[in-house]
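Data first, discussion second: the structure below is written as structure tokens.
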Amino acid sequence: MLNLESKFSYAFYALILMGLCIGPGCEQKQVTNLADHTIIPHPVKITASGGSFLIDNNIIVSISDGRLSSVANYLSKMQSGLKVSESEGDEGILLSLNAADSILGDEGYHLRIEEDLITISAYKPQGVFNGVQTLLQLIPVDLTEETEIATGVIKDYPRYSYRGSMLDVSRHFFGVEEVKRYIDFLAVYKMNTLHLHLTDDQGWRIEIKAKPELTAIGSTSEVGEGSGGYYTQEQYREIVQYAADRFITIVPEIDMPGHTQAALASYPELNCNGKPGELYRGTEVGFSTLCTDKESTYEFVEAVIQELASMTPGEYIHIGGDESHVTEKEDYIYFINRVQKIVSKYGKTMIGWDEIAQANIESSTIVQQWNSAGNATKAAKNGNKVLLSPAKRAYLDMKYDSTTRIGLAWASLIEVDHGYNWNPDTVNAEIPTEAILGIEAPLWTETVENMKDIEYMIFPRLLGYAEIGWSPQSTRVWSTYKDRLANHAIRLDANEINFYRSPLVEWRKSETHTNP
Ligand code: TNX
């Protein structure tokens, strides 16, 4: 018979064997089964192996190739304390380039977590960078003491090559630091494109040296009372570089021939009557147009595109083309056809909102579906690739529910589940899978005035759009997504992000110390 003491210790050991725990340390238990991860976007394949890697702030990050030093430095900056070594190590974290990983494409990666070594390998630095994002989500954001990370292998690559968001810096202007913070947000969820809506009726936001009045006059307004602003070419290049360092491409948009009141106020000759327009601070759309039958209009457009192309290393220039309600249809078509030639003259691929499908667009031109499925279908039939931003599902400026303080509601209310629960393959059934370039979630800023407003509208929906763009449809189930999302509150809170605490999600608090 066991005496009382040994009975007690028997029970104690049993508890340990069962993996249970008692006392204050319990909340700090880490996920030891990799299959129980909360990674967003969901990886393609995860194989758990049941062990654990012990991580603390003294772990060394080493690289197998000099081309990875900036990725290693990014990791160490994001997880402060991790030291970087330029020589290949056999313990700690190893970042490596591997030709065999080319089967996962330029953005894919393998993340192997063994008991002594974590290896991220990929064909390209961009793939390693994506793997780093996954690893960061497995490390507690407040890593202070040695913590277990579950072992196993993650194999991952994106569903679509274009995964992005758009920021409207015209309706309200946002400075370089704010745009950089936005870029940081995108990088964390493996998005690779930031579309900047640089011009609209309310303000012109990019310096064009050949057309100085655009900024001297056209940048001084915005919605409401504010004084607007613009990026000098130097600042724009700084944004492009900051994005490139995070494997994000900037797509600049000059919206034409409508949405041009700021330009019309800056250069009288752009108006058919030759008189200057007035600066505009309201939120109506569809009332302005460049004069499409004047030759000087095309000289103006060429001067703008030439400078924009020269400071934009990315493949795309976005020419807007939406809501040109006061441009005659035949004038609109003539204008888009001519602008397309100018964009290709400067070596870029044109993107436009779905209305451009009414023109004679080249097959390389990208059509961005926001409103008309018919326009996008026409483009796909014409052989064009389509970028999906259906307003009813993907507009970050739509209110979550009728009580949301800011935002619009013309397309839909977009609660977190509504924003998540759609499949790009079937949102427009007429568009074949091969014709879909990817998805983009735009943030229009008529009602969005500062960074806290931006954060509130994009979080947490941005994570859902990142997952729609990256993860296989088979991994995307709202009931499990919302539990993964719940855990991300810890990281959002740690970064002081002002996010919408949707009642549909049981948000975690940082005291529970679970990943991420
Ligand atoms: C429609 S989307 C617009 C924008 C507005 C937005 C507000 C698109 C191509 N045009 O000018 O800002 O709605 O939701």
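Model, not experiment: these values are computed from the prediction. Below, each value reflects all heavy atoms present in this structure, side chains not excepted, and no hydrogens, waters or symmetry copies. Every number for a ligand or one of its atoms is a count from 1 in the order of the listing.
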| Straight-line distance of Ser288 OG to Asp201 CG, nearest 0.5 Å | 3.5 Å
| task | Could you tell me whether the side chain of Glu178 and the main chain of Gly175 form a donor-acceptor pair under 3.5 Å? | result | yes
| Residue from Val367, Ile317, Ile366, Ile356 passing side-chain contact (heavy atoms from CB on, under 4.5 Å) with Met350 | Ile356
Contact (N/O only, under 3.5 Å) between [X] and ligand 1:
{"X": "Glu323", "result": "yes"}
{"X": "Trp444", "result": "no"}
{"X": "Asp397", "result": "yes"}
{"X": "Tyr395", "result": "no"}

| said: So, applying ring-ring contact (aromatic ring centres under 6.0 Å, His included) with Phe459, which one of Tyr500, Tyr465, Phe185, Tyr400 is it? | reply: Phe185
Could you check, using the six-membered ring where one of them is a Trp, whether [X] and [Y] have ring centers closer than 6.0 angstrom?
{"X": "His318", "Y": "His197", "result": "no"}
{"X": "Trp370", "Y": "His195", "result": "no"}
{"X": "Trp507", "Y": "Phe499", "result": "yes"}
{"X": "Phe173", "Y": "Tyr231", "result": "yes"}

Short list, please: which atoms of ligand 1 are under 4.0 Å from a heavy atom of [X]?
{"X": "Met398", "result": "14 (O)"}
{"X": "Leu408", "result": "7 (C), 14 (O)"}
{"X": "His259", "result": "11 (O)"}

Which residue and non-hydrogen atom of the protein lie closest to [atom], and at what distance in Å?
{"atom": "atom 13 (O) of ligand 1", "result": "Trp410 CZ2, 3.4 Å"}
{"atom": "atom 5 (C) of ligand 1", "result": "Glu446 OE2, 3.4 Å"}
{"atom": "atom 11 (O) of ligand 1", "result": "Arg171 NH2, 3.0 Å"}
{"atom": "atom 9 (C) of ligand 1", "result": "Asp322 OD2, 3.1 Å"}

| said: Heavy-atom contact check, 4.0 Å cutoff: does Gln368 meet ligand 1? | reply: no
